[in-house]
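The structure appears below as structure tokens.
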There are 2 protein chains.
Amino acid sequence: MARTITLKDIARRAEVSVATVSLVLNQKASRGTVRISEETIERVQRVAGELDYFPNLSARAMSGGKTSIIGLVLNEIKYSSAQLPLIYGITDLLDHAGFSLAMGRVTLGSPDIETEEIRIANRKGFDGLILEPTRVFLQEAERFKDSFRDWRHVVLINRPAAADYTTVGVDQEKMGYIATRHLLDLGHRTVAFAGRHPGIEDHDDPNAPSNMVARYRGYLRAIGEADCEEVTVAKGVDLLESENKVTAVYCALSYDGPDLLAACHDRGVRVPDDLAIVGQDESREKEIVRPAMTTVDMRSEELGKVAARAVTSLVDGAEVEDVLLKPELVVRESTGARVVVVEGSGSFAN
Amino acid sequence: MARTITLKDIARRAEVSVATVSLVLNQKASRGTVRISEETIERVQRVAGELDYFPNLSARAMSGGKTSIIGLVLNEIKYSSAQLPLIYGITDLLDHAGFSLAMGRVTLGSPDIETEEIRIANRKGFDGLILEPTRVFLQEAERFKDSFRDWRHVVLINRPAAADYTTVGVDQEKMGYIATRHLLDLGHRTVAFAGRHPGIEDHDDPNAPSNMVARYRGYLRAIGEADCEEVTVAKGVDLLESENKVTAVYCALSYDGPDLLAACHDRGVRVPDDLAIVGQDESREKEIVRPAMTTVDMRSEELGKVAARAVTSLVDGAEVEDVLLKPELVVRESTGARVVVVEGSGSFAN
DNA sequence: CTGAAAGCGCTTACAG
DNA sequence: CTGAAAGCGCTTACAG
């Protein structure tokens with residue numbers, strides 16, 4: 001490797017001072033009282049290009065205070081394949097924006113790990129943070145404002161808004177609504193909601209995942225509009241345990257749909273003839289299971305890009321609005337669509 | 001946020017110089033010509049603890065030359081859920097070792113993206129790199145030694161060894177062997193290998209994924225020992241197209257097993273009665289599909305830890321051996337085991 | 001319009 | 001056994 005090129009090298013070759021080079025290369029050549037001639041600007045830029053200059057980020061961080069690193073702290077990663085497109089979207093955007101993505105440990109819902117990771121992000125001087133917060137964080141969002149250098153640079157994903165934090169996510173209420181609505185439109189009159197748990201009507205229960213509450217509200221709105229009866233169960237398989245007139249179910253937990261499909265297969269319940277099922281998006285799983293599952297697409301890759309764009313904008317000092325993406329229904333066999341053929345991807349055989 | 005604590009603060013409170021504090025806190029208090037009294041060491045450490053000191057990594061990077069950042073460049077992420085436990089393993093270990101994980105864009109097999117990401121890692125001063133290289137990298141491994149500050153700090157994963165790079169992976173030949181062996185032990189006499197492609201016997205074909213070649217060799221060894229006939233097809237579904245006496249198949253491509261199972265379901269082929277199937281590990285998918293698939297476990301989480309440990313050791317100047325993990329066969333329904341019940345995990349409803 | 005200088009917080013020879 | 005000093009490569013007021 002050739003010796004690293006520094007501002008000094010450019011300054012020498014361009015016959016200007018290091019300060020001038022810094023100003024030019026940082027687009028500050030015409031800010032406020034500073035003004036540098038077009039000629040000089042051009043010359044400096046040309047030399048920098050010739051020398052293939054890249055700033056020493058540590059040095060920049062030390063004087064400017066920005067590390068160009070964005071932290072990512074997810075709640076879960078091992079079992080939810082929806083996180084893959086999410087990460088892909090984030091890295092793709094950050095890379096183009098010149099930031100690094102520092103991936104911390106996943107919290108697995110533990111406030112302790114979360115606190116520790118936020119602390120690490122803070123100590124290491126990350127410019128911003130994309131966080132899939134735990135319940136405790138959301139409940140004590142105010143308090144957490146002290147734990148990161150600038151809480152305004154923390155973007156929450158996949159969660160309800162909390163205490164002025166910028167939040168990006170997918171409309172959870174709408175997930176429940178469009179899933180249920182699809183089933184009602186197919187003519188089903190008794191559509192169940194799978195995902196009930198103690199306290200789903202009660203936001204105060206610390207064990208109530210609020211995303212589920214929102215999906216449940218969407219479900220209620222849809223069956224309300226259709227003037228249908230409410231049936232809720234904890235898990236899809238509960239419907240197979242007892243007699244009932246349910247002909248369709250919306251499995252609001254991402255794992256529940258595939259599990260229910262597997263159970264139906266084991267017990268000879270025909271899908272969608274005996275039971276129509278709508279599940280939550282889970283990357284490829286929805287296509288692998290048979291019958292292929294109709295799902296509510298969670299748009300994870302796009303969410304990743306939106307989250308990344310939000311942090312970088314905030315770090316750059318811009319105003320950022322919350323974003324709420326609209327989920328999309330993807331109809332497949334489990335609600336009666338024709339068979340979908342999925343091609344396997346090849347690559348390097350992982 | 002309170003003002004950041006620096007070495008200076010500790011020096012003042014402990015009544016020593018900044019240099020002494022640095023020496024003590026870096027375990028260099030007794031290296032070579034330097035020698036600091038036990039008393040001073042203790043005092044400095046106590047004060048540092050009281051003040052909850054954490055070093056400014058940018059400053060350290062600038063004088064010491066280490067950023068404490070390890071880069072990660074994967075080949076694929078969106079569709080292979082085996083990458084999730086891999087990432088989990090890496091982050092978990094790096095976090096404990098005090099390193100950050102900077103996740104770059106995935107290459108999707110593109111040498112251009114790979115080159116660019118290595119370049120970024122180099123420019124940003126990452127201490128080391130975990131790389132799932134493209135075929136081009138492996139072919140021109142020598143040449144790539146110039147592209148990262150110290151090629152010795154680059155650890156290759158999931159790939160055959162190349163040009164002295166430290167490599168960690170899972171024994172691919174053994175995957176093919178144990179999968180095939182399992183089927184033979186069950187009494188099958190015609191076991192097919194699904195994953196044939198032009199050049200699988202020829203390492204020189206640039207399109208031949210070498211992991212597949214190794215799995216194929218394992219297959220050949222197993223059927224050779226059992227004195228059975230070789231049958232190879234490109235994809236598992238090919239077996240359903242024509243008449244043959246194949247009663248068992250090892251699907252060497254991770255996607256192929258689930259796809260074949262789905263196809264069997266569609267065409268009424270009973271698994272494992274008509275056809276026994278062994279697939280490659282794919283996180284949860286193997287448990288969701290029905291019948292649950294017998295797989296060769298790729299031990300991704302452990303691989304992640306091993307890779308992370310390797311890089312950090314190298315960065316710390318230690319010698320590191322290549323690691324080749326042994327794959328494990330996990331028997332499930334698709335080769336005749338009893339039904340396995342899988343509990344869905346709950347968490348925050350992703 | 002541009003240069004000289006201070007300072008960010010650390011590490012590492014080099015003196016004592 | 002420990003301190004003073006230089007230097008890493010940048011940015012940013014402050015002078016001219």
Side-chain angles (χ1 to χ4, degrees), chain A residues 3-45 47-48 51-69 98 123-125 127 149 317, chain B residues 3-45 47-48 51 53-68 98 123-125 127 149 317:
Chain A
R3 194 178 58 79
T4 304
I5 303 296
T6 69
L7 285 191
K8 215 155 129 188
D9 299 311
I10 300 176
R12 197 172 322 141
R13 290 253 303 229
E15 300 185 299
V16 292
S17 75
V18 167
T20 302
V21 177
S22 172
L23 257 15
V24 170
L25 262 28
N26 287 301
Q27 266 68 272
K28 303 228 173 111
S30 47
R31 198 199 57 158
T33 168
V34 182
R35 189 152 298 275
I36 294 180
S37 68
E38 271 308 315
E39 196 185 290
T40 305
I41 292 181
E42 259 178 36
R43 184 153 31 95
V44 168
Q45 280 174 339
V47 173
L51 263 37
D52 195 25
Y53 171 75
F54 188 82
N56 178 321
L57 297 181
S58 298
R60 173 177 287 176
M62 241 204 357
S63 34
K66 305 246 177 199
T67 55
S68 298
I69 300 177
R123 289 179 139 183
K124 291 191 174 173
D127 293 340
R149 47 210 0 234
Chain B
R3 194 178 60 78
T4 305
I5 304 297
T6 70
L7 286 191
K8 214 156 131 189
D9 300 311
I10 301 176
R12 199 173 319 143
R13 290 252 306 228
E15 301 183 301
V16 291
S17 74
V18 166
T20 302
V21 177
S22 172
L23 256 17
V24 170
L25 263 27
N26 287 302
Q27 266 66 273
K28 304 232 172 109
S30 47
R31 198 199 56 158
T33 167
V34 181
R35 191 152 296 275
I36 295 179
S37 67
E38 272 307 316
E39 198 183 289
T40 306
I41 292 181
E42 260 178 34
R43 186 153 30 93
V44 168
Q45 281 174 339
V47 173
L51 262 38
Y53 171 75
F54 187 82
N56 177 322
L57 297 182
S58 298
R60 174 177 286 177
M62 241 202 0
S63 35
K66 306 243 177 203
T67 54
S68 297
R123 290 180 140 183
K124 292 190 174 173
D127 293 341
R149 48 214 355 237

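Note on naming: letters A, B, ... go to the chains in the order of the sequence lines (proteins, then strands), and numbering restarts at 1 for each one.
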| query | Within less than 4.0 Å of OP1 or OP2 of D:dC10, is there a side-chain N or O belonging to A:Y53? | reply | yes
| note | A:L7 CG to C:dA4 P, in whole Å, measures 15 Å
| query | In whole Å, what is the span from the CG atom of A:L57 to the P atom of D:dC8? | reply | 18 Å
| Phosphate oxygens OP1/OP2 of C:dC8: is one of them under 4.0 Å from a side-chain N or O of A:S63? | no
| query | If we only count heavy atoms from C-beta on, is the B:T67 to B:K124 side-chain gap below 4.5 Å? | reply | no
| field | Atom pair distance, as rounded to whole Å: CE in B:M62 and C1' in D:dG7 | value | 8 Å
| field | B:T6 side chain reached by B:N56 side chain, heavy atoms, under 4.5 Å | value | no
| task | Measure the distance from CZ on B:R60 to P on C:dC8 and round it to the nearest whole Å. | result | 19 Å
| remark: Each base of DNA chain D marked ( ) or [ ] if paired in-strand (Watson-Crick or G-U under 3.5 Å), | if paired to another strand and . if unpaired gives |||.||||||||.|||
| task | Nearest whole angstrom, please: distance from the C1' of D:dT11 to the CD1 of A:I10. | result | 15 Å
| query | How long is the span from the CZ atom in A:F54 to the CD1 atom in A:I5, to the nearest 0.5 Å? | reply | 13.5 Å
| Heavy atoms, side chains only, cut-off 4.5 Å: are A:L25 and A:L7 in contact? | yes
| B:T40 side chain near B:R43 side chain, heavy-atom distance below 4.5 Å | yes
| query | How about A:D52 and B:R123: do any of their side-chain heavy atoms sit closer than 4.5 Å? | reply | yes
| note | Taken to the nearest whole Å, CG/A:L23 to P/D:dC14 is 15 Å
| task | Side chain of B:S37 only, please: which of D:dT11, C:dC10, D:dC1 is the nearest? | result | D:dC1
| task | Starting at atom CD of B:E42, determine the distance to atom P of D:dC1, rounded to an integer number of angstrom. | result | 14 Å
| N/O (side chain, B:N26) to phosphate O (OP1/OP2, C:dT11) under 4.0 Å | yes
| request: Report yes if a side-chain nitrogen or oxygen of B:S17 is closer than 4.0 Å to either non-bridging phosphate oxygen (OP1 or OP2) of D:dA4; otherwise report no. | output: no
| field | Closest non-hydrogen atom pair, B:V18 against B:K8 | value | CG2-CA, 3.9 Å
| said: Using a heavy-atom cut-off of 4.0 Å across all strands, would you classify A:S22 as base, sugar-phosphate, or nothing? | reply: base
| Which residue lies more 5' along DNA chain C, comparing B:A19 with B:A59 via nearest heavy atoms | B:A59
| request: Would you classify B:V16 as touching base, sugar-phosphate or nothing, given that sugar-phosphate means primed atoms plus P, OP1 and OP2, and contacts are heavy atoms under 4.0 Å? | output: sugar-phosphate
| message | Tell me whether the side-chain N/O atoms of B:T40 come closer than 4.0 Å to OP1 or OP2 in D:dT2. | response | yes
| request: Report the distance from atom CG of A:L25 to atom P of D:dT12, rounded to the nearest whole Å. | output: 13 Å
| said: Are the side chains of B:I10 and B:L51 in contact, using a 4.5 Å heavy-atom criterion? | reply: yes
| request: Verify the contact: side-chain N or O of A:T20 to OP1 or OP2 of C:dT2, cut-off strictly under 4.0 Å; return yes or no. | output: no
